[in-house]
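Residue numbers begin at 1 in each chain, while the letters A, B, ... track the order of the sequences.
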2 protein chains.
Amino acid sequence: MLQPEELGQIEKKLHQAGLKLTPQRRATVKTLVRLHESHLSAEELFAKVKEAEPEIGLATVYRTLEVLAELKIVNRVSFEDGITRYDLRTEDSGHFHHHLLCQICGAVEEIHEDLLVDVEMKVKEKYGFEVADHRLTFLGVCAKCRAKRQRHLQ
Amino acid sequence: MLQPEELGQIEKKLHQAGLKLTPQRRATVKTLVRLHESHLSAEELFAKVKEAEPEIGLATVYRTLEVLAELKIVNRVSFEDGITRYDLRTEDSGHFHHHLLCQICGAVEEIHEDLLVDVEMKVKEKYGFEVADHRLTFLGVCAKCRAKRQRHLQ
DNA sequence: CTCACTGCAAATATTTTGCATCGGA
DNA sequence: TCCGATGCAAAATATTTGCAGTGAG
């Protein structure tokens, strides 16, 4: 929805950090914004970026992702499968988002609602731990697969 | 605390699943229970098990961990560093536990308190997602490092 | 006695790095 | 122009697999 906006924002951030805006970085960021719902791995992103920028190398994608993670533009996440995925931080709210991973169909849905405000406060008070960020994934059965299961039980 | 108890429980589970109780599996499970607070990687666990069972191979440790994960005896977890770690499920409560990962010193602390009862209910109601399990890690600064930081600021 | 299990080494998969070259600022 | 950024290939890690031999049940 606010994708072009985000694209500009991110390029600005890169610029402010004193980094060069190479065509490879542009293409990588652009693809990342376009497919931000997909939770791509480095390899997958590489394949997508290559469509627009065939000269790009996999190492550059890794290096760009590293830079983006340092600038807090993306989060590294991993869903049990040992592959690191990259998740664009939503720029609209300063808030994190959570994931719903369906164990039947493998779909990952995002929840853009901070459910942990109270919990984080409790962690701070009770354990003296200052929370800066979090990773929360629920594993279970998504609405679609639940419906499907119902149908099959008849 | 209830380690020997757990050890027996786990071996019983393996047996019930029709799996052989080889010396390698015994040694692996025993080490896992003994060091259950360490969040070991396969490689680290291998090194530890090797002390008691020098003949064991790394592949066996991987294969044993796979079996244990299938039987829900361990959870796979990963803390952003690309390495899969294995976390013994606490047998005492049926409940999950959460992690506090200190970004300064790298320590991982466990919280054995289910903070998400309300949140999971909300997820079910609002998103139609049936939660079976979750992974929750807070990233931040642990109490120890906070104290250290205070001292250095003086 | 049988077949699941194992060790070892080779194969894969994933990510990082060295280095000569290129090109954005 | 200059130094950061890139591509490529090689290296470093992490994990899986094929296979012949072994031993738990």
Side-chain angles (χ1 to χ4, degrees), chain A residues 10-32 39-71 73-87, chain B residues 10-31 39-71 73-86:
Chain A
I10 294 171
E11 295 196 341
K12 200 162 100 184
K13 275 196 192 178
L14 285 170
H15 189 255
Q16 286 171 346
L19 298 166
K20 290 183 181 174
L21 241 60
T22 63
Q24 292 91 335
R25 281 186 182 157
R26 267 183 204 282
T28 303
V29 170
K30 194 170 170 184
T31 306
L32 213 44
H39 302 94
L40 298 171
S41 66
E43 200 90 40
E44 289 164 346
L45 179 60
F46 171 60
K48 294 294 182 184
V49 176
K50 217 167 161 43
E51 291 171 12
E53 191 72 25
E55 292 306 298
I56 200 169
L58 177 55
T60 298
V61 172
Y62 273 106
R63 284 185 281 227
T64 301
L65 287 170
E66 196 187 332
V67 163
L68 295 176
E70 271 167 26
L71 295 180
I73 293 166
V74 300
N75 280 336
R76 281 178 222 267
V77 292
S78 85
F79 303 113
E80 314 292 283
D81 61 355
I83 296 177
T84 303
R85 294 167 187 288
Y86 295 83
D87 198 357
Chain B
I10 294 171
E11 295 196 342
K12 201 162 98 188
K13 274 196 191 176
L14 285 170
H15 188 256
Q16 284 172 347
L19 298 167
K20 290 185 180 173
L21 240 60
T22 63
Q24 292 92 334
R25 280 185 182 159
R26 267 182 204 280
T28 302
V29 170
K30 194 170 170 185
T31 306
H39 301 95
L40 298 172
S41 67
E43 198 91 41
E44 289 164 346
L45 179 60
F46 170 61
K48 294 293 182 185
V49 176
K50 218 168 161 43
E51 292 170 11
E53 192 71 26
E55 292 307 299
I56 200 170
L58 177 55
T60 299
V61 172
Y62 272 104
R63 284 186 280 227
T64 301
L65 287 170
E66 196 186 332
V67 163
L68 295 175
E70 270 166 27
L71 295 180
I73 293 167
V74 300
N75 280 336
R76 280 179 222 266
V77 292
S78 86
F79 303 113
E80 315 293 282
D81 61 357
I83 296 177
T84 303
R85 295 168 185 287
Y86 295 83

Qualifying residue for side-chain contact (heavy atoms from CB on, under 4.5 Å) with A:Y86, from A:N75, A:L45, A:I73, A:V74: A:V74
Which donor-acceptor pairs under 3.5 Å do the side chains of residues 58-65 of chain A make with protein atoms, sequence neighbours left out?
| from | atom 1 | to | atom 2 | distance (Å) |
| --- | --- | --- | --- | --- |
| A:T64 | OG1 | A:T60 | O | 2.8 |

End axis versus end axis in the helix from C:dC1-D:dG25 to C:dA25-D:dT1, the angle rounded to 10°, five pairs used at each terminus: 40°
Sugar-phosphate or base contact per nucleotide [nucleotides 17-25 of chain C; S, B, -; heavy atom under 4.0 Å]: BB----BBS
Neighbours of DNA chain D within residues 46-57 of chain A, by heavy-atom distance under 4.0 Å: A:E55, A:I56, A:G57
Touch class at under 4.0 angstrom, heavy-atom based, for B:S41 against every strand present: nothing
Would you give me the side-chain donor-acceptor pairs under 3.5 Å for residues 17-31 of chain B, sequence neighbours excluded?
| from | atom 1 | to | atom 2 | distance (Å) |
| --- | --- | --- | --- | --- |
| B:T22 | OG1 | B:R25 | N | 3.2 |
| B:R25 | NH1 | B:K20 | O | 3.0 |
| B:R26 | NH1 | B:E11 | OE1 | 2.9 |
| B:R26 | NH1 | B:E11 | OE2 | 3.4 |
| B:T28 | OG1 | B:Q24 | O | 2.7 |
| B:T31 | OG1 | B:A27 | O | 2.7 |

Partner residues of A:S78 under the side chain to side chain donor-acceptor pair (under 3.5 Å) criterion, sequence neighbours left out: B:S78
Distance in angstrom units between A:L58 CG and C:dT15 P, rounded: 9 Å
Minimum-distance pair of heavy atoms, taken over all atoms of B:E80 and A:V77: OE2-CA, 4.5 Å
A:I56 to A:F46 - nearest heavy-atom pair and separation: O-CE1, 3.3 Å
Listed partners of B:E55 passing side chain to side chain donor-acceptor pair (under 3.5 Å), at least two apart: none
Sub-4.5 Å side-chain heavy-atom contact between A:L14 and A:L68: yes
Residue closer to the 5' end of DNA chain D, B:A42 versus B:Q24 (nearest nucleotide): B:A42
Set of residues satisfying side chain to side chain donor-acceptor pair (under 3.5 Å) with respect to A:D87, sequence neighbours excluded: A:H97, A:H99
Residues forming a salt bridge (Lys or Arg N to Asp or Glu O under 4.0 Å) with B:E66, sequence neighbours excluded: none
Residue pairs passing the salt bridge (Lys or Arg N to Asp or Glu O under 4.0 Å) test where at least one lies in residues 43-52 of chain A, sequence neighbours excluded: A:E44-A:R85
For chain A, the stretch of DNA chain D it reaches, first to last nucleotide, under 4.0 Å of its heavy atoms: D:dC3 to D:dC8
Residues touching DNA chain C, which here means a heavy atom under 4.0 Å, drawn from residues 75-83 of chain B: none
